[in-house]
Structures are given as C-alpha cells and as structure tokens.
Amino acid sequence: MKRTICLLLALVLCVFCAACAAKPYAPAGAASGNAALDEAVLAVLQERCGAKATEEENLAAVYDFVCNDITYRAGTTDTSGGFTDELTETLALEILQKRKGNCDAQAALMAVLLRRMGYEAEIVQGTFVRAGDDTPVDHAWVYAVVGGSGCYFDPLYGSHFAENPRDYCMASAELLRQTHQWDE
C-alpha cells in the first residue's frame, strides 16, 4: 500500500514538474527556408530568449547577442543591388558560423533574428560620424516595427561607439539622427 502511494505521488510529481518546466522559446516569425540558417537562428533564439520573458527582454537579449558575441571585422560587401533576401541570408549565416563580420553582416543578422521573432525588419544603409571626426563612414543598421511603432537597432554602433550600448536597442529616430544619416 505504501509503495502504491509512493508511486502515485512520484507520478503526480513528475506530471507537475513537466507542466511547470520552462518551455523553449517559440518564435512567431516564419523560417527563411534556408535550412542551415534556420537551424542556427532557432538555436540562438532558444538560447537567448525566454518563453516567459517580456518582448523587450527578448529583443534586448538578441541585441546583446549581436553586440557581445559577434566580433567586428572590417570588410566590404557589395550592396549596390540592395539587401536582397539572398544577400541578407548569406551574410547572416556566414556571421553566425564565423562569429565575425562587418556592419552589413551584423545588420543582416539582426534583421534575420528580428524577422524570425515575428517583427517586420529591414536593413538601413547610410552613414555615421564618430565623435570628434566629421568624416561620414558608410554604415548599415536595422529598422523594425515593434509594438506598432518603428525603432532602430544598431548593435555595432552601440557596442563600439556609444557610452551605453543598449541606447541603440529599439532606438528612436531622434537619437540616431544625432550620429547617423540616411534617406528616411
């Protein structure tokens, strides 16, 4: 009798624990169709985002991943044809594999992660100026619609030039205009 009660209690405990266990983050956006990219993106999102986290917490976690886990590597990308889906996906997969890339690749990765999370996101091309230097530098970052409003993500600028990197996570156009120029 005691053994039966213990087994029943153990079964109830197992069912309760399974119901309470943290569920993996399930992104709301569609996969790209590129199997290697989709697998890598899902791995990042499930590692960094929480099913019970707020929207802002998950966006900040993805932004922090690009800021902190991706190393800047100078280089040029031929974006004369714009950021097509093919170019964006190629850059995003490459940077996920190498963990290094220029601003174009970092913007591509940020856009792909945001899209997989279910947000509208596009890459913005423009320039920025460094403090104390008026020379514009070609640059790329991301515009996304979050909660019905537009905002900007610039992990490269945030991590290398800003006093507070998170200022460039869901940044306003007003903030970006202080250092960035683009055709709005």
Side-chain angles (χ1 to χ4, degrees), residues 21-73 75 77-79 81-126 139-160 162 165-173 175-176 180 182 184:
K23 304 277 190 260
Y25 177 79
S32 71
N34 177 325
L37 176 62
D38 292 336
E39 182 180 331
V41 164
L42 186 58
V44 168
L45 293 177
Q46 287 185 335
E47 178 184 320
R48 301 299 171 135
C49 298
K52 294 183 179 183
T54 67
E55 178 178 49
E56 291 79 15
E57 289 170 335
N58 284 334
L59 288 166
V62 168
Y63 175 85
D64 288 347
F65 166 75
V66 180
C67 274
N68 301 324
D69 291 33
I70 304 296
T71 303
Y72 175 72
R73 181 185 68 203
T77 305
D78 181 6
T79 59
F83 279 91
T84 63
D85 288 343
E86 181 181 357
L87 176 60
T88 300
E89 291 171 10
T90 298
L91 291 171
L93 180 57
E94 182 179 312
I95 200 168
L96 280 169
Q97 292 170 338
K98 295 180 179 178
R99 298 289 201 243
K100 296 177 185 176
N102 64 12
C103 65
D104 297 325
Q106 289 189 23
L109 176 58
M110 191 77 218
V112 166
L113 289 166
L114 290 169
R115 290 172 186 163
R116 186 67 172 103
M117 292 173 77
Y119 301 100
E120 293 176 42
E122 64 182 59
I123 299 168
V124 178
Q125 293 178 279
H139 189 50
W141 59 95
V142 176
Y143 171 81
V145 177
V146 175
S149 297
C151 60
Y152 296 88
F153 294 81
D154 191 347
L156 178 69
Y157 190 88
S159 64
H160 285 78
R166 281 271 184 96
D167 287 346
Y168 290 85
C169 176
M170 294 182 286
S172 67
L175 174 69
L176 252 67
H180 294 58
W182 69 101
E184 294 184 60

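In this structure, the side chains of Gln106 and Tyr157 stay at 4.5 Å or more apart for every pair of heavy atoms. Phe65 is not listed as a side-chain neighbour of Glu47, based on a closest heavy-atom distance of 4.5 Å or more. Taking the side chain as every heavy atom from C-beta outward, Trp141 and Gln125 never approach each other to under 4.5 Å. When side chains are defined from C-beta on, Glu56 does not count as touching Val146, because their heavy atoms never get closer than 4.5 Å. Two residues are said to be in side-chain contact when any heavy atoms from C-beta on lie closer than 4.5 Å; Arg115 and Ser32 fail this criterion. Inter-residue side-chain proximity for Tyr168 and Leu156 is flagged as unmet; no heavy-atom pair is nearer than 4.5 Å.
In this structure, the side chain of Ser172 engages the main chain of Leu175 through a donor-acceptor pair within 3.5 Å. The closest donor-acceptor contact from the side chain of Glu57 to the backbone of Thr54 lies under 3.5 Å. The backbone N or O of Pro165 sits less than 3.5 Å from a side-chain atom of Tyr63, completing a donor-acceptor pair.
Residues passing the side-chain hydrogen bond (donor to acceptor under 3.5 Å, both in side chains) test with Gln46: none are found, sequence neighbours excluded. Every residue two or more places apart in sequence or in another chain was checked for a side chain to side chain contact (heavy atoms under 4.5 Å, CB included) with Ser149, and none qualifies.
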Checklist entry - Yes or no on side chain to side chain donor-acceptor pair (under 3.5 Å) for Asp154 and His180, after CA distance, side-chain angles and deciding distance? => result CA-CA 10 Å; Asp154 191 347; His180 294 58; 2.7 Å; yes
Next on the checklist: Walk me through whether Lys100 and Asp69 qualify under salt bridge (Lys or Arg N to Asp or Glu O under 4.0 Å).
Outcome noted: CA-CA 9 Å; Lys100 296 177 185 176; Asp69 291 33; over 6 Å; no
Next on the checklist: Show, in sequence, the C-alpha distance, side-chain angles and deciding distance for Leu45 and Leu113, and conclude whether the side-chain contact (heavy atoms from CB on, under 4.5 Å) test is met.
Outcome noted: CA-CA 8 Å; Leu45 293 177; Leu113 289 166; 4.0 Å; yes
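Closest non-hydrogen pair, Cys169 versus Ala60, comes out as SG-CA, 3.9 Å. Heavy-atom minimum distance, Pro24 versus Ala51: O-CB, 4.0 Å. Minimum heavy-atom separation, Cys67 to Pro155: SG-O, 3.4 Å. Across every non-hydrogen atom of Ala92 and Ile95, the tightest pair is O-CG2, 3.2 Å. Of all heavy-atom pairs spanning Ala108 and Ile123, the tightest one is CA-CD1, 3.6 Å.
Atoms CG and CG, from Leu37 and Leu93 in turn, are 5.5 Å apart once rounded to the nearest 0.5 Å. Atoms CG and CG, on Leu109 and Asp104 in that order, are 12.5 Å from each other to the nearest 0.5 Å. To the nearest 0.5 angstrom, Asn58 atom CG is 11.5 Å from Leu114 atom CG. Remark: Ile70 CD1 to Asn102 CG distance equals 12.0 Å, nearest 0.5 Å. Between the CG atom of Leu87 and the OG1 atom of Thr90 there is a distance of 6.5 Å, given to the nearest 0.5 Å. Taking OG1 from Thr77 and CG from Leu91, the interatomic distance works out to 5.0 Å, rounded to the nearest 0.5 Å.
No salt bridge links Asp38 with Arg116; every basic N to acidic carboxylate O contact stays at or beyond 4.0 Å. Under a 4.0 Å N-O distance rule, the pair Arg73/Glu94 qualifies as a salt bridge.
Aromatic ring centres of Trp182 and Tyr152: separated by under 6.0 Å.
Tested against Tyr119 for a side-chain contact (heavy atoms from CB on, under 4.5 Å), the candidates Leu59, Val145, Val142 yield a single pass: Leu59.
Counting heavy atoms of neighbouring residues, nucleotides and ligands inside a 6.0 Å radius, atom CD of Glu86 does not exceed 12 of them. Atom CD of Glu55 has more than 12 neighbouring heavy atoms from other residues, nucleotides or ligands inside a 6.0 Å radius.
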